[in-house]
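What follows is a single structure, written as structure tokens, with notes after it.
Computed from heavy atoms alone, side chains included, the values below leave out hydrogens, waters and symmetry copies. In what follows, chains are A, B, ... by sequence order, proteins preceding strands, each numbered from 1. Since the model is a prediction, treat every value here as computed from it, not as a measurement.
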Protein chains: 2
Amino acid sequence: MTTRRSDTTRAAILAAARERFASDGFDRATIRAIAADARIDPSMVMRYYGNKEALFAAAADFDLRLPDLRETPRDTVGITLARHFLHRWEGDETLMALLRAAVTKEVAAERMRSLFAAQIGPVAARLAPDPAQAATRAGLVATQMLGFALCRFVLRLPPVVTLDPDEAVAWLGPTIQRYLTDPAAR
Amino acid sequence: MTTRRSDTTRAAILAAARERFASDGFDRATIRAIAADARIDPSMVMRYYGNKEALFAAAADFDLRLPDLRETPRDTVGITLARHFLHRWEGDETLMALLRAAVTKEVAAERMRSLFAAQIGPVAARLAPDPAQAATRAGLVATQMLGFALCRFVLRLPPVVTLDPDEAVAWLGPTIQRYLTDPAAR
DNA sequence: AGATCAAGTCAACAGTTGTTGGCCAACAGT
DNA sequence: ACTGTTGGCCAACAACTGTTGACTTGATCT
């Protein structure tokens, strides 16, 4: 199983696609632009990935890669989660591509939903004081994490962009901690 | 100054535009579709609003209309703000149009930035224990509010959609309160 | 009634998009 | 050397986009 000649361009296409989808969103990222970035003909993109939707599906394949939290002390889970999320977002533009697309493409939104349900859900299920509210708690965690990413990386609100990572974690950590482990509000 | 005949259609166009921009985003909301919704010819849209960008600018004109918080007790400001924001969002699809567009259109993002800076900034400036961090605190408030709106109205994460308004306010209120008035983290 | 002007319709333009099929060049195995 | 396959390019298509200008209708005013 040696790497074929095409595997190189295949990967180049995927990288260019991720970049374009991340910075321009699904609609404005044209196949022609992606092909130009990868220095190939647009028709190659079609040949390798079928159509634009399939290319996006391949480019937006993402895993949060949450660490195993079973060994972290219960009351530092919030901070740990916040730090990991921030780190994960900064190192991979896939999440950005997914978020930018999810706002207008239903398929991408669905992927976002299942991503968070599958990854944060279990954490909440284990930590929530009331198992019945586990899903709600996971959802709340998502609102704060995605909201931060939205403001910092997409909307670029100046005060949120300025925040250095440690500071951000120090602010967000307790919020996430509260959503996960504090007694229900009201 | 009686209302001219054209004012009716002018308003119809604006309403249709807001609806389309809110549900489809800037790119997918075509002038033809908007015109069809308003039951007129596409060229009328151009005549009245010049071009698509200007139409969007007119349709996405929004004001948070924050209540005067100087008389609300300092420690209930978080809940009050959360409730108002949620209420405002549900009653007017303009914010949705703005958010959907802000993710890919720089002009819309800029409007979002100045909107939050101008409206939440002053509140934070008055409540923050440390005047120097007022902007940061306002930004954090924005992350939670926009993140909630994103998950509930745009991405439609099931557990966040299910949440009834009072419950949502009870969860978000304390977070916002903390961002505004609690001593800085770290 | 006839002239004036706003309100609205129609058809077309130029550009861009995803997508397709035919063609060419390089390589591999015989 | 020959032949089949693989990787790549080119030109074109059909659909759709924002936008424009010429034309028709209808009301209003003198």
Side-chain angles (χ1 to χ4, degrees), chain A residues 1-60 97 100-108, chain B residues 1-60 97 100-108:
Chain A
M1 265 287 157
T2 76
T3 61
R4 303 204 226 174
R5 306 170 69 19
S6 65
D7 288 349
T8 319
T9 40
R10 240 193 150 83
I13 294 176
L14 211 63
R18 238 188 301 264
E19 222 168 294
R20 283 283 174 178
F21 282 137
S23 67
D24 300 351
F26 184 85
D27 291 311
R28 303 173 108 84
T30 78
I31 292 212
R32 282 172 162 87
I34 293 171
D37 288 357
R39 267 180 262 274
I40 2 153
D41 191 88
S43 62
M44 289 277 88
V45 179
M46 307 303 295
R47 189 185 288 212
Y48 286 138
Y49 291 95
N51 59 28
K52 196 181 176 182
E53 298 247 359
L55 171 63
F56 175 79
R100 273 235 162 80
V103 169
T104 39
K105 286 282 291 178
E106 177 55 27
V107 207
Chain B
M1 265 283 158
T2 76
T3 62
R4 303 201 226 173
R5 306 179 81 6
S6 67
D7 288 349
T8 321
T9 40
R10 242 194 149 82
I13 294 175
L14 211 63
R18 237 187 304 261
E19 221 167 295
R20 284 282 174 179
F21 282 136
S23 67
D24 299 351
F26 184 84
D27 291 312
R28 302 174 108 84
T30 78
I31 293 212
R32 282 172 162 87
I34 293 171
D37 287 358
R39 265 179 265 274
I40 6 148
D41 192 88
S43 62
M44 288 277 89
V45 179
M46 307 303 294
R47 200 200 281 265
Y48 286 139
Y49 291 95
N51 59 29
K52 196 180 177 183
E53 299 246 0
L55 172 64
F56 175 78
R100 275 233 162 82
V103 170
T104 39
K105 286 282 292 180
E106 178 55 26
V107 207

Which class fits the ring pair B/F21 and B/F56: parallel under 30°, tilted 30 to 60°, perpendicular over 60°? perpendicular
Got a sec, which pairs hit side-chain hydrogen bond (donor to acceptor under 3.5 Å, both in side chains) with one end in residues 49-60 of chain A, sequence neighbours left out? A/E53-A/K105
Just name whichever nucleotide pairs with D/dG8, Watson-Crick or G-U, keeping both distances under 3.5 Å, else none. C/dC23
Hey, does B/Y48 reach any base, or is it just sugar-phosphate, or nothing, if we go heavy atoms under 4.0 Å? sugar-phosphate
List the atom of B/A58, the atom of B/L14, and the distance in Å for their closest heavy-atom pair. CB-CD1, 3.9 Å
Can you pull the contact range of chain A along DNA chain D, 5' to 3', using atoms under 4.0 angstrom from its heavy atoms? D/dG7 to D/dA12
Using a heavy-atom distance cut-off of less than 4.0 Å, which residues of residues 8-37 of chain A contact DNA chain D? A/T9, A/R32
Pull out every residue in residues 38-45 of chain A that has a heavy atom closer than 4.0 Å to any atom of DNA chain D, ordered by number, or say none. A/I40, A/D41, A/S43, A/M44
Please identify each residue that fulfils side chain to side chain contact (heavy atoms under 4.5 Å, CB included) with A/A16, with sequence neighbours left out. A/I34, A/D37, A/A38
Between the main-chain N or O of B/A33 and the side-chain N or O of B/T30, is there a donor-acceptor pair closer than 3.5 Å? yes
Counting N and O atoms only, with roles assigned by atom type, does the side chain of A/R100 sit under 3.5 Å from a partner on the main chain of B/V103, one being a donor and the other an acceptor? yes
Can you name the residues that form a salt bridge (charged side-chain N to carboxylate O under 4.0 Å, His left out) with B/D41, not counting sequence neighbours? none
A/D27 vs B/R28 side-chain heavy atoms within contact, under 4.5 Å: yes
Main chain of B/A29, side chain of B/R20: is a donor-acceptor contact present, judged purely on distance under 3.5 Å? no
Between A/T104 and B/D24, is a side-chain contact (heavy atoms from CB on, under 4.5 Å) present by the stated rule, with each step listed? CA-CA 6 Å; A/T104 39; B/D24 299 351; over 6 Å; no
Which sits closer to the 5' end of DNA chain D, B/E53 or B/R47, going by the nucleotide each is nearest to? B/E53
Rounded to whole angstroms, how far apart are CE on B/M46 and C1' on C/dG8? 16 Å
